[in-house]
A.B. asks: 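Dropping the structure in here first, questions after.
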Number of protein chains: 2
Amino acid sequence: MTQSTISDISRALIEIAWHFGPKGLNGECCENLTMPEFIALDKISTTSQCAVQDVGYSLGFTKSGATRIVNRLEKKGYVQKIKSHEDARICCVEITKSGERVLSSANTRYMEQFHTIAAKMPEHSVADTVNMLKAMATALKG
Amino acid sequence: MTQSTISDISRALIEIAWHFGPKGLNGECCENLTMPEFIALDKISTTSQCAVQDVGYSLGFTKSGATRIVNRLEKKGYVQKIKSHEDARICCVEITKSGERVLSSANTRYMEQFHTIAAKMPEHSVADTVNMLKAMATALKG
DNA sequence: AAAAGTGGTTGACATCGTCAACCAATAGAG
DNA sequence: CTCTATTGGTTGACGATGTCAACCACTTTT
């Protein structure tokens, strides 16, 4: 029992998580966007009237962590903070044109990565693989 | 084009990578083991005469990063460094009993997580899912 | 109007990995 | 056999990133 204490399935999950995770893809998703920044930017782009804490929530960060990541994105010119008219405490975070561009570019990079991998899986069709991953992602949220 | 700039497949991959990655599972795989430590420990447990740099290589870390992570594991009592007899420059890193215990426990936790997810995927059998993930992991290495 | 709650920010801090310089040991060339 | 180049590993300084706790500003409750 000295060798191979962990199972294939754990190893596979880890491999995937590591490759597509914060450290994979050379530690950056696209240009100067880290993985958490990518997730944050996606959240912001798909949420109208996105409060700073909403960003933190989707990343599992504290609210101060949320402030920091939004500030970083703002400094890079990818988002803007605008005070809400309804409630002056809330900052609505909005994606800029530049942010949309970089988000779409990061997406492209992800897709390329995925297709490179998918091409190396002769036993599985790309469509099946995609379906399974989507199902898994859905299951993760539920 | 303001909404939803990134595709479902990217989103699914990110979801999975984030959940099973360094930040997922509450930021720790098991007890006081981080994700990179988990990977390192697995590498060490399956490699005989494991040099410090081998650990770094499997994580994509520099050699100084490798030293640091091995030291952390050593401080926690999960590995031991032993000078090689053949080449006195090399430290052979070996897993301890305590290390094996924690590795196996982390593995269990991973498996539980996976099965919870798999149970929520009615369209896909667990076996199919496992096969696909393994195929993907293999494709990643090749 | 006072008290309690909520959104956001900030300073101090811990963690973690890199870079570059370094030491020790080995291997190769003459 | 010695001198040099290479290799494995460590360390100090540093940058990046997230947390905690205290704080301010604005709202809501009483």
Side-chain angles (χ1 to χ4, degrees), chain A residues 18 21-29 31-41 43-44 47-76 78-94, chain B residues 18 21-29 31-41 43-44 47-76 78-94:
Chain A
W18 195 249
K23 297 294 171 187
L25 285 68
N26 306 319
E28 48 185 48
C29 295
E31 294 166 42
N32 56 348
L33 215 53
T34 65
M35 174 102 177
E37 285 167 3
F38 184 18
I39 298 176
L41 204 49
K43 174 71 177 174
I44 291 162
T47 310
S48 71
Q49 304 284 311
C50 183
V52 170
Q53 303 211 42
D54 293 341
V55 177
Y57 183 71
S58 73
L59 285 161
F61 284 3
T62 63
K63 60 181 184 167
S64 81
T67 296
R68 300 232 136 101
I69 202 163
V70 168
N71 285 349
R72 241 179 296 150
L73 287 171
E74 194 181 27
K75 188 168 288 174
K76 290 179 182 176
Y78 299 149
V79 305
Q80 264 183 315
K81 280 193 281 193
I82 297 164
K83 281 251 179 237
S84 165
H85 290 298
E86 285 89 51
D87 185 334
R89 289 169 302 181
I90 298 177
C91 286
C92 297
V93 188
E94 283 172 17
Chain B
W18 195 249
K23 298 292 171 184
L25 285 68
N26 305 319
E28 48 184 48
C29 296
E31 293 166 43
N32 57 347
L33 214 53
T34 65
M35 173 102 178
E37 285 167 3
F38 184 17
I39 298 176
L41 204 48
K43 173 71 177 175
I44 291 162
T47 309
S48 71
Q49 304 285 312
C50 184
V52 171
Q53 304 210 42
D54 293 340
V55 177
Y57 183 71
S58 74
L59 285 161
F61 284 3
T62 62
K63 59 182 185 166
S64 80
T67 295
R68 300 232 137 101
I69 202 163
V70 168
N71 285 348
R72 242 180 294 150
L73 288 171
E74 193 180 29
K75 189 169 287 174
K76 290 177 181 176
Y78 299 150
V79 304
Q80 266 182 316
K81 278 191 282 192
I82 297 165
K83 281 252 179 234
S84 165
H85 290 299
E86 286 91 50
D87 186 335
R89 289 170 301 183
I90 298 176
C91 287
C92 298
V93 189
E94 282 172 18

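Just so we're on the same page: letters track the sequence lines, and every chain starts at 1.
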A.B. asks: Give a yes or no on whether a donor-acceptor pair under 3.5 Å exists between the nucleobase atoms of dC19(C), that is its base, and the side chain of S64(B).
C.D. replies: yes

A.B. asks: Is K83(B) close enough to dG9(D) that one of its side-chain N or O atoms is under 4.0 Å from OP1 or OP2 there?
C.D. replies: no

A.B. asks: When the nearest nucleotide of DNA chain D is assigned to G60(A) and to H85(A) on a heavy-atom basis, which residue is associated with the more 5' position?
C.D. replies: G60(A)

A.B. asks: For I39(A) and dG18(D), what is the distance between atoms CD1 and P respectively, to the nearest whole Å?
C.D. replies: 10 Å

A.B. asks: Nearest to the side chain of R68(A) - dG8(C), dG9(D), dA12(C)?
C.D. replies: dA12(C)

A.B. asks: If you only use heavy atoms from C-beta on, which nucleotide in dG18(D), dT27(D), dG9(D) is closest to the side chain of A88(A)?
C.D. replies: dT27(D)

A.B. asks: Is the count of non-hydrogen atoms from other residues, nucleotides or ligands lying under 6.0 Å from Q80(B) atom CD greater than 12?
C.D. replies: no

A.B. asks: Over how many whole Å does the gap from Q53(B) atom CD to dA25(C) atom C1' extend?
C.D. replies: 14 Å

A.B. asks: Round to the nearest Å and state the distance from I69(A) atom CD1 to dG7(C) atom P.
C.D. replies: 19 Å

A.B. asks: Base, sugar-phosphate or nothing for G56(B)? Non-hydrogen atoms, less than 4.0 Å.
C.D. replies: nothing

A.B. asks: As an exercise, state the distance from NE2 of H85(A) to CD1 of I90(A), rounded to the nearest 0.5 Å.
C.D. replies: 12.5 Å

A.B. asks: Which whole-number value in Å describes the distance from Y57(B) OH to dG8(D) P?
C.D. replies: 13 Å

A.B. asks: Check whether any side-chain nitrogen or oxygen of T62(B) sits under 4.0 Å from OP1 or OP2 of dT18(C), and answer yes or no.
C.D. replies: yes

A.B. asks: Just how far, in rounded Å, is C1' of dT7(D) from CD of E86(B)?
C.D. replies: 16 Å

A.B. asks: Does V55(B) offer a backbone N or O that forms a donor-acceptor pair with the side chain of S58(B) under 3.5 Å?
C.D. replies: yes

A.B. asks: Counting side-chain heavy atoms from CB outward, which of dA13(D), dG9(D), dG8(C) is closest to I90(A)?
C.D. replies: dG8(C)

A.B. asks: Nearest whole Å is fine: how far is dG7(C) P from R89(A) CZ?
C.D. replies: 6 Å

A.B. asks: Whether the side chain of K76(A) engages the backbone of N32(A) through a donor-acceptor N/O pair (distance < 3.5 Å, no angle test) should be reported.
C.D. replies: yes

A.B. asks: For the side chain of T67(A), starting at C-beta, report the closest nucleotide among dT9(C), dC19(C), dG9(D).
C.D. replies: dT9(C)

A.B. asks: Can you check the D87(A) CG to dG8(C) P distance for me, whole Å?
C.D. replies: 9 Å

A.B. asks: Please state how far atom CG in N71(B) lies from atom P in dT15(C), giving the value in whole angstrom units.
C.D. replies: 15 Å

A.B. asks: It should be established whether R72(A) places a side-chain nitrogen or oxygen under 4.0 Å from OP1 or OP2 of nucleotide dG18(D).
C.D. replies: yes

A.B. asks: Would you compute the distance between atom CD1 of I69(B) and atom CD1 of I39(B) and round it to the nearest 0.5 angstrom?
C.D. replies: 8.0 Å

